[in-house]
Amino acid sequence: MEYNFLRIEEKCRKLWEENGVYKVEIDPDKPKYYVLDMFPYPSGAGLHVGHPLGYIASDIYSRYKRLKGFNVLHPMGYDAFGLPAEQYAIQTGQHPEITTRQNIARYREQLDKLGFSFDWSREVRTCDPEYYKWTQWAFLQMFDSYYCYDARQARPIAELIEVFEAEGNARLNIACTEEISFTADEWKSKSEIERQETLMNYRIAYLADTMVNWCPALGTVLANDEVKDGLSERGGYPVEQRKMRQWCLRVSAYAERLLKGLDEIDWTDALKETQRNWIGRSEGAEIYFKQAKKNASEENADIVVFTTRADTIFGATFMVLAPESEYVDQTVTTDRKAEVEAYIDATKRRTERERIADRKVTGVFTGSYAINPFTDTEIPIWISDYVLAGYGTGAIMAVPAHDSRDYAFAKHFDLPIVPLIEGCDVSEESFDAKEGIMVNSGFLNGLTVPQAIAKAKEYVAEKEIGRIKVNYRLRDAIFSRQRYWGEPFPIYYKDEMPYPVALNDLPIELPEVDKFLPTETGEPPLGRAKNWKYELNTMPGFAGSSAYYLRYMDPHNSNELVSSEANKYWRDVDLYVGGTEHATGHLIYSRFWNKFLYDLGKVVCDEPFRKLVNQGMIQGRSNFVYRVKGTNTFVSHGLIDKYDTTEIHVDVNIVHNDVLDVKQFRNWRPEYETAEFILEDGEYKCGWAVEKMSKSMHNVVNPDDIVVTYGADTLRLYEMFLGPLEQSKPWDTKGIDGVHRFLRKFWRLFHNDEHEFYVSDEEASPLELKILHKTIKKVEADIESFSFNTAVSAFMICVNELGEQKCNKRAILQELTVLLSPFAPHIAEELWGLLGSDTSVVTAEFPKYDPALLVENSFEYPVSFNGKMRFKMEFPMDADSASIEKAVLANPQSKKYTEGKDPKKIIVVKGKIVNVVI
RNA sequence: GCCUUGGUGGUGGAAUUGGUAGACACGCGGGACUUAAAAUCCCGUGGGCAGCAAUGUCCGUGCGGGUUCAAGUCCCGCCCGAGGUACCA
């Protein structure tokens, strides 16, 4: 009976399945623990070895927590709506639902082979109407809510209407799209449509004309986090700015809470920092600039700017408006009109990518002037695309001496530069640092920059020439997609105004269409559906993934997203494992969504994910062969300098430790059947490179292949052994043999030379117990700190040491088996059975280590002289410093290093080291 | 540019948080078993110098300084890689 992993693993899967060992129910007698993986998008390529990395880690932790007596919720599902399935559908006509279902089946098959302890009875799929019913439901709740800054929470729209009827909106401090004001009478005199339009200004899910990232190639808009460098994340197509009427979510209303919440959760600093930057809180002031009389009428509104450097206002020598700014109309003078329009037109035509690519200074003068409220001087108003319409007020006061962008602009258009900080040199570049003493700044002179900022803000507020303001970079999420394969909006239109579908009518199911393309008139694909009376857009990918962790708590509930009983028991995700790529997308939206549901009283936790661990990405490691040009001869990597060769990617699955399997290579492709090889040391050595894992580079390693060759337990251990979980690393099968060897050795501890299962009932020796308990202690500490690579090492050391002892004692092996079960569940289960247990190892108890067994009675002290370790000495554990000092000096070897001198000092660190200073 | 990370043998990576650098594994070299191979096991393996040898000795954690009895670890100044972000006022 050799270690036959294929037989063992199949047997275990069946056993677990038949006994439903991973099924979990609410159990008030046990503490809960919720371990969640970011659910995968089931792509057509199937699972590669990179996917399971995080799943293995979370599975180890889940199994560990189970052994520790926790009631562990560890579910899995699929993020099944998305672009690739739809793109495939457009190309082939195959319905995305069919391909998605096939892909899911394939994923499931692959996942099952790896021995995960998921409770599949709780599986969710975002494209399932029973699931997206609750996505639609949440949307309607947002449609029916507004955000109150004073209460710091979302409230029902009905409440707002009451206030409007009673006193208008003057006293409200609420999140809105546009600042407007009206009285109760004005509200009452509004028509139904006007009222709906007004309410739209406050809804958390609202419709608005916004600048969106439009991707013509995909025919849809994209969220900011779906655009990378001006290209779409999926497909890499150009993206341009366009004004469109779109559904949006008022995420920005939650900016402050999203920021504050970060302080309470156990995420890495790097990830929290990324979110903080994305939210981008900046404290500053809005300052009102009057337009100079000579070219302004009385009604012209003040131009409001946002600045974090109110202290520099004495150096504001001009103003700049964004080309899309609403101030453009009131400032442009008749004689400048043509030029200004030409400029605005030109900027509109440039895509974001073009703007990033060539960063030339461009701009145009409006012809108008504004009055600097601090200096009372007139300053020109310009327009330039370096000012963004979407941030602050879309207008700035330019301080060329202390802002590099303003500086470049001033130099280019020859505008005055006034330095405001003592001793700074602005002849070559601006002085952007917030340090130094103010000069040329009236009443701010002599103050330090931070003092001046505070004083200037105070002044602005006092004189009512502006107000103190906190600005956020975080923008509302665009929530419409002009796509087929997504959740339909539960919205219908009457007189062009949107109205919610009744809750009883949910879900609004995705209709059938003849093609998955936009209609001839340019409407989204849903425009093709017969008798479709609802919104034609669908929801974006992040809609379905924003609250899926709640649905797992109560996945079959048809009355509620999650029952309050289930929610009160499972509360929040204790451990969330996934990639960093979701830092500014899913992990912001989810937190927002959860906070909204929290405001509604539907969930009990404000933050959804208590602890978050990011697994690193697994990159591909490509291999190359080198063909001599014009021949079918291939040269080993060490000899390529001597030939003129072409580098060719070779399938990594026929390369082992960078050595090509020549026979398999000849069979790989027909054209290589007759290949000749120039070998070195009798082998063909391949070149290699680390690249993204992809089909075209022939470096995709499928977990199935590894499982067939080595077994799931080896794969699990190896992926953990590869290095720290958080670190990105190339996949490399070098070394997998070592891990497999460990499992075989482990197996042999229980088997005699005739391959029969054999354990002795003898009592374990103190040394054997010590080995075991040392391992228990180390492995437990490593699991707790997610240091799975060192835990695997500890197992290897343990087995080596027990092997030396020829230890096959039942007591030792029983505990060791349980200890190993989170890492290599199949082999552990099999041995557990062989040891005579009639229950599964899954339900065993994690062994407790006994500190008494680890106590040493002597310790080997390294003895150093001037910090250099020279030799070691044995001491009893209870030796005191004085006796150690004495013994060290009495040691004949010491004489050599003290060179006859008396030591100046002797440092004894108990249990650590002795250092003699000469 | 800014933020976050990381830099240790031929390779992946350890190092109890300031206390024996290189655990564990791969690879490589040597040996045992075998007709042979596979499998398995044992020994060696950072570099230099000295020695038949046990061993001794110096140098070594990206670079240059510093603090300390003691630095891979702390401080200051650089260099390089990875990820995020960027006319955010």
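Note on naming: letters A, B, ... go to the chains in the order of the sequence lines (proteins, then strands), and numbering restarts at 1 for each one.
Contact annotation for A/K904: no contact, since no heavy-atom pair falls under 4.0 Å across all strands. As judged by a 4.0 angstrom heavy-atom cut-off over every strand, A/D406 is placed among residues making no nucleic acid contact. Looking at heavy-atom distances under 4.0 Å, A/I797 makes contact with sugar-phosphate atoms alone, never a base. Among the heavy atoms of the strands lying under 4.0 Å from A/R870 are primed sugar atoms or P, OP1, OP2 only; no base atom is included. Within the nucleic acid shown, A/T580 has no heavy atom closer than 4.0 Å to any nucleic acid atom. Among the protein residues, A/N471 comes within range of no part of the nucleic acid, since none of its heavy atoms lies under 4.0 Å from any strand. Residue contacts shown for A/L722 are limited to sugar-phosphate atoms, with no base heavy atom under 4.0 Å away. Base engagement by A/N915 is indicated by at least one non-hydrogen atom pair under 4.0 Å involving a base atom.
The shortest distance between the side-chain N/O atoms of A/Y861 and the OP1/OP2 oxygens of B/U20 is not below 4.0 Å. Remark: A/Y897 is in phosphate contact with B/U57, judged by side-chain N or O atoms under 4.0 Å from OP1 or OP2. A close approach under 4.0 Å does not occur between any side-chain nitrogen or oxygen of A/R748 and OP1 or OP2 of B/U40. Checking the phosphate oxygens (OP1, OP2) of B/G13, a side-chain nitrogen or oxygen of A/Q727 falls inside 4.0 Å. Between A/R473 and B/A86 there is a side-chain N or O to OP1 or OP2 distance below 4.0 Å. In this structure, A/R741 does not reach the B/C24 phosphate: none of its side-chain N or O atoms is under 4.0 Å from OP1 or OP2.
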Inset, instruction - Evaluate the salt bridge (Lys or Arg N to Asp or Glu O under 4.0 Å) criterion for residues A/R744 and A/E2: first the C-alpha distance (whole Å), next the side-chain angles of each, then the deciding distance (0.1 Å), finally the verdict. - result: CA-CA 8 Å; A/R744 283 212 302 262; A/E2 259 294 347; 5.3 Å; no
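For A/K734, taking side-chain heavy atoms from C-beta onward, the closest of the listed nucleotides B/C26, B/C3, B/U85 is B/C26.
Base orientation for B/U68: anti, the chi torsion being more than 90° from 0.
Both tests hold for A/R591 against A/W267: distance to the six-membered ring centre under 6.0 Å, angle to the ring axis within 45°.
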